[in-house]
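The structure appears right after this line, and notes come after that.
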Amino acid sequence: EPEVTQTPSHQVTQMGQEVILRCVPISNHLYFYWYRQILGQKVEFLVSFYNNEISEKSEIFDDQFSVERPDGSNFTLKIRSTKLEDSAMYFCASRSSGGWNEQFFGPGTRLTVL
Amino acid sequence: GENVEQHPSTLSVQEGDSAVIKCTYSDSASNYFPWYKQELGKRPQLIIDIRSNVGEKKDQRIAVTLNKTAKHFSLHITETQPEDSAVYFCAASRGKSTFGDGTTLTVKP
């Protein structure tokens, strides 16, 4: 069964450094998402991406964040200058063009900012 | 934007009892309502979902009901087992998903 994959599984970085989190969505899916989950808290929407552009973003997704689909398979989240409060689990999700919005989640990347 | 409220935040039941978790949502445009089970350090795992054109859905010990008029939806787990212990999240979706705060379910043997 096809799955969303994410790399790395765990990223440790120093405050102020740039990080890129990578995702490979399911191959025939057209809608892509990034979510964040701070330890012990709920899953929060960051951004959605369709047709090579951002379709919606939350207030969390400020100028420090960017997303890109550099080729036909990868979907990346970049944090330009990490802050301590960016430490969280980041989940990528994708869905097909079907109308009922079922999303498939990747295993997540745990980002630790020191 | 969408707001999802989930209750209770913690729930403790004896093995074999039923567990009910309730959510409300605010955006009438939401048309898909998934429920996720999340174990520590793992991704949210879809356990059941319901679409806005359906009032209820059942899958073995798990059922979900949706009241579109009241903007309520609920998860029902019957004959609970210790392995049902986890954090459960509801979500309301119209593309992006807005999650509730989660319910920590503990099933005591």
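To find a chain, count down the sequence lines: A is the first, B the second, and so on, and within it residues start at 1. Note that this is a predicted model, so its numbers are computed, not measured.
- For the pair A/Gln37 and B/Gln38, the minimum side-chain heavy-atom distance is below 4.5 Å.
- Contacts between A/Tyr35 and chain B at a heavy-atom distance below 4.5 Å involve the side chain alone, from C-beta outward.
- For the set B/Thr104, B/Asp101, B/Thr98, B/Val87, the entry with the most heavy-atom pairs within less than 4.5 Å of chain A is B/Asp101.
- Contact annotation for B/Ser97: both backbone and side-chain heavy atoms come within less than 4.5 Å of a heavy atom of chain A.
- Transitive grouping of hydrophobic side chains (ILVMFWY, heavy atoms separated by less than 4.5 Å) keeps A/Phe61 and A/Ile20 in distinct clusters.
- Around atom CG of A/Leu39, no more than 12 heavy atoms belonging to other residues, nucleotides or ligands sit under 6.0 Å away.
- At a threshold of 4.5 Å between non-hydrogen side-chain atoms, the residues A/Phe45 and B/Phe99 do not count as touching.
- A/Leu21 and A/Met89 are assigned to two separate hydrophobic clusters, defined by single-linkage of ILVMFWY side chains at heavy-atom distances under 4.5 Å.
- The 12-atom threshold is exceeded at CD of A/Glu18, counting heavy atoms of other residues, nucleotides or ligands nearer than 6.0 Å.
- Neither A/Phe75 nor A/Val24 shares a network with the other; the hydrophobic side chains, linked directly or stepwise wherever heavy atoms of I, L, V, M, F, W or Y lie under 4.5 Å apart, form separate groups for each.
- The cluster map of Ile, Leu, Val, Met, Phe, Trp and Tyr, joined by side-chain heavy atoms under 4.5 Å apart, puts B/Ile47 and B/Ile21 in the same cluster.
- We find that A/Glu56 and B/Arg94 are joined by a salt bridge, their nearest charged nitrogen and carboxylate oxygen being less than 4.0 Å apart.
- Of the inter-residue distances, the one linking B/Lys96 atom NZ with A/Ser55 atom OG reads 10.0 Å to the nearest 0.5 angstrom.
- Here the side chains of A/Gln103 and B/Ser93 are in contact, with some heavy-atom distance below 4.5 Å.
- Of the atoms belonging to B/Asp49, it is side-chain heavy atoms, and not backbone ones, that fall under 4.5 Å from chain A.
- No more than 12 heavy atoms of other residues, nucleotides or ligands shown are found within 6.0 angstrom of CD on B/Glu79.
- Scanning for side-chain contact (heavy atoms from CB on, under 4.5 Å) contacts around A/Thr82 gives A/Thr13, A/Gln17, A/Val19, A/Ile79, A/Asp86, A/Val113, with sequence neighbours left out.
- A distance-only check finds a donor-acceptor pair linking the side chain of B/Arg43 to the backbone of A/Phe105 [under 3.5 Å].
- Between B/Pro44 and A/Phe91 there is a side-chain heavy-atom pair separated by less than 4.5 Å.
- Remark: the backbone N or O of B/Gly95 is paired with a side-chain donor or acceptor of A/Tyr33 at under 3.5 angstrom.
- Under a hydrophobic-cluster definition in which Ile, Leu, Val, Met, Phe, Trp and Tyr are linked whenever side-chain heavy atoms come within less than 4.5 Å, directly or via other members, B/Leu105 and B/Trp35 are assigned to the same cluster.
- The NZ atom of A/Lys42 sits 9.5 Å away from atom CZ of B/Phe89, with the distance rounded to the nearest 0.5 Å.
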